[in-house]
Amino acid sequence: MTAVATPKFEAANERKKSRRGFLLALPAYVYLSLFFALPLLSVVVYSFAKRTSTGGVALEDWNIDSYTKLGEPIVRDILLRSFTLAIITTVICLVLAYPFSYFLATRKASTRNIMLVFVMIPFWSNFLVRNYAWRVLLGNDGPVSRVTEGVGLGETTILFTPTAIVLGLVYGFLPFMILPLYAAVERMDWSLIEASRDLGATGMQTFRKVTFPLSLPGVIAGSILVFIPSLGAYVTPQILGGGKKTMLGSYIVTQFLTARNWPVGAAVSTVLMVVMLGATMLYFRKGGRTL
Amino acid sequence: MGDEMQDQAGGPMTAAVDIQSVTKRFGDVVAVDNVDLEIADGEFFAMLGPSGCGKTTTLRMIAGLEFPTEGSLKIFGEEVGTLPPNLRPVNTVFQNYALFPHMNVLDNVSFGLRMQGKDKRESAHAAQEMLELVQLGGMAKRKPDQLSGGQQQRVALARALVNKPKVLLLDEPLGALDLKLRQDMQNELKSLQRELGVSFVFVTHDQEEALTMSDRIAVMHDGKLLQVGTAEELYDQPVNRFVADFIGQTNLIDATVFDADMIVLANGTKIRAPNPYPAGDKVAMSLRPESISIGHVDEVPDEFRSTSLTGTVSDVIYLGHSHVYTVNVDWMPLEVRTNATPTSIKHEPGSEVAIWWDRRSDWVVPDEGHGA
């Protein structure tokens, strides 16, 4: 609608409508500003602040010491480990979820719905409880260990290792990969796959040249939805990793609660947020609208 | 029919597509019911029928996108029953074109050649040439969604033809185009087919499209193949009520066979209509609106006395080039179409008229249920 072609009363009407929309959104704006944007801003502000000798924060002597601390070997190792584990988790989720989503998308509607419910069932119980359940399963005399001992493979000792963390993260976040992938594959125009086969492509070629590229928005959406919470995971590394091999989430908590170095905790949080923001923007840049 | 097909030298010719006793079931649904069909090399062949008649399923079986439940399907003599589509010498133009949205036009068209292992330069060159042929040479770098419906249609055509298929399959390719564009494309498709000399198998629900474009037409209904023939054969000699009604417009008048030369209509009128059916059989007489003449009751020429009826005009529609009358003859309305010229008389609603026709233009078909 161009301004020239719009009669005055219509323009006024437009304005009225947009004002009404703003009023409707106002409560949400206020809530989000007070309880989301402001705290977030204070995290960023704190990350440039100075730690007092008593463990408090002095909003003076602004500096970037907390960020330079991120370059220290101990912090660098934690960053590296968190990224590595998050990437491994994402890749495993993708490899597991893709065939499943494809299978799901090609079933008839009633079967699909039942299977989707199965995917959602874990969400019905508490995340913490489910992580403890894995701890019991993987423990020294847990069922998994008994089975491996029974078949002569010896005791299972993966609890409190990075393997257990990845296992827990994959278990926890797999549905976040399945759902967008399923949505992407399900909405794909099936005749494109038929066209590809008709034009002489084998099943494998069709997957590489047509199916996968077309499901890319789902792949990216799923990967971001798994990667982001994996990177900042706290509960799973604590429970299944035993807190020994610290990941970012645990490190941040330690900085705030134990070491009482709020600026460093805030700096790590800020870096994490920037990475996530970057990933999200990358996704929207790629033209995905699956979220 | 296969025995009749011979090449110039007189030897037997291999059919491009040879379908024998093919049945396709989806669960309990019989989509294609025991169809026999031969399509000659270089033929423009249409499969015509209402939606759900099995024409698309038949096409998809030729393409290899569905496999027959029973029967044999040969392409140039080679049994292809369960051969996957990528190993068949046919290509398809899909109903919604099915262009790859993530590739540009050139990559779409060269896709088939690339999949056959041709190198990139060579494929791109051949694709570009094919795009020139369909007058889209300048669109190579565009994405499909930047093209109009007609252009997408041409890309789909180029993408199929660049692979030099032995048979080109087209699934309602013109369905999404507007009328003007559709007529242009009809001519273009027809001339393209003549130029390439490849068999085109064309699925449509539009009888006019089938009549104008095709060498031969197969009419399908409820999974069954009812009749195969040229446009004239289907129009003038339909095998049953369905074909008579589906191809063009017609008046179908219920009747009973009196003898080989006469039938009796519902009101007892005897009409001259040569037919091969035994006396007493229920039949229907197909009478095309344009083969009927209309006039005053006492105007009926003597030679048409045995092929005439009287009735009352209940409606007239003026179409510029013609008048379309609805004439109530006692027990049913008949449609009559006459050329409208400045000198022709218009019969107003309510007037008593006689209608008559040449006995060679009525055609007797068996009543439905008495078999196709």
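Order of the sequence lines fixes the chain letters, A, B, ..., with proteins taken first and strands second; residue numbering starts at 1 for each chain. Computation of the quantities below employed the complete heavy-atom set of this structure, encompassing side-chain atoms and omitting hydrogens, waters and symmetry-equivalent molecules.
- At a 4.5 Å heavy-atom cutoff, B:R114 makes no contact with chain A through either its backbone or its side chain.
- For the atom pair OG1 of B:T204 and CE of B:M47, the computed distance is 11.0 Å after rounding to the nearest 0.5 Å.
- Within the 4.5 angstrom heavy-atom criterion, no atom of B:L169 approaches chain A.
- Salt-bridge formation is detected for the pair B:E188/B:R154: a Lys NZ or Arg NE/NH1/NH2 atom is positioned less than 4.0 Å from an Asp or Glu carboxylate oxygen.
- For residues 143-151 of chain B, an interface with chain A (any heavy-atom pair closer than 4.5 Å) does not exist.
- Proximity to chain B (any heavy atom under 4.5 Å) is shown, for A:L192, by both the backbone and the side chain.
- When heavy atoms are compared at a cutoff of 4.5 Å, A:D189 approaches chain B solely by way of its side chain, counted from C-beta outward.
- Every pair passing ring-ring contact (aromatic ring centres under 6.0 Å, His included) that includes a residue from residues 56-109 of chain B is listed here, sequence neighbours excluded: B:F100-B:F111.
- Classified by interplanar angle (parallel below 30°, tilted 30° to 60°, perpendicular above 60°), the ring pair A:Y29/A:F22 is tilted.
- Using modelled atom types and a 3.5 Å distance limit, the side chains of B:E79 and B:S72 yield a donor-acceptor pair.
- Only the side chain of B:N163 comes within contact range of chain A, with at least one heavy atom under 4.5 Å from a heavy atom of that chain.
- Each salt bridge (charged side-chain N to carboxylate O under 4.0 Å, His left out) pair with one or both residues in residues 100-115 of chain A, not counting sequence neighbours, appears once here: A:R112-A:E186.
- Ring geometry, A:F176 versus A:F123: the interplanar angle falls from 30° to 60°, so the pair is classed tilted.
- Using modelled atom types and a 3.5 Å distance limit, the side chains of B:S199 and B:E43 yield no donor-acceptor pair.
- A:I114 pairs by the side-chain contact (heavy atoms from CB on, under 4.5 Å) definition with A:F118, not counting sequence neighbours.
- Proximity to chain B involves both the backbone and the side chain of A:S196, based on heavy atoms less than 4.5 angstrom apart.
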